[in-house]
Amino acid sequence: MECFNPHEYVPRRLDAPAKFLLWDFDLVASGIAGLAFGIIVNSLLMGAIASYAAIWAYSRLKQKRHPGYGLHYLYWQFPFRTFKRTPPSSRRFFVG
């Protein structure tokens, strides 16, 4: 039996998604967006309902897919001004 050496320790989950306590960070962010909606309309009940609906819809979107699928979907479907439709490096693949 060998001793534990911290210099030789290899973590088991290098590619694990970011977590907030027990939940994935993107699910928590969608829940916070629902609560923010409730704060805007000044109703705690509406915020809780919107938060539950946002978490349910986002988790259904990610179900049985790649862990980063939800963020990829948001990138390609919502026209944020900070995002470009395709990165500049993609041009080299399509030039014949």
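Worth saying up front: this structure is predicted, and the values here are computed from it rather than measured.
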- How about Ile49: does its CD1 atom have over 12 heavy atoms from other parts shown lying under 6.0 Å from it? yes
Trp23 with Tyr58, same ILVMFWY side-chain cluster at under 4.5 Å: no
Arg65 and Arg60 have their tightest heavy-atom pair at NH1-O, 4.2 Å
_Path from Leu21 to Tyr52 over hydrophobic side-chain contacts below 4.5 Å_ = no
When every non-hydrogen atom of Leu27 is compared with those of Ile55, the smallest separation belongs to O-CG1, 3.7 Å
Distance col, row Ile39:CD1 vs Leu44:CG, nearest 0.5 angstrom, shows 9.0 Å
For Ser51 and Gly31 the tightest heavy-atom approach is OG-O, 3.0 Å
One should read off an interatomic distance between Trp56 CH2 and Leu61 CG, to the nearest 0.5 angstrom, of 11.0 Å
Taken to the nearest 0.5 Å, the spacing of Ser30 OG from Phe25 CZ works out to 10.5 Å
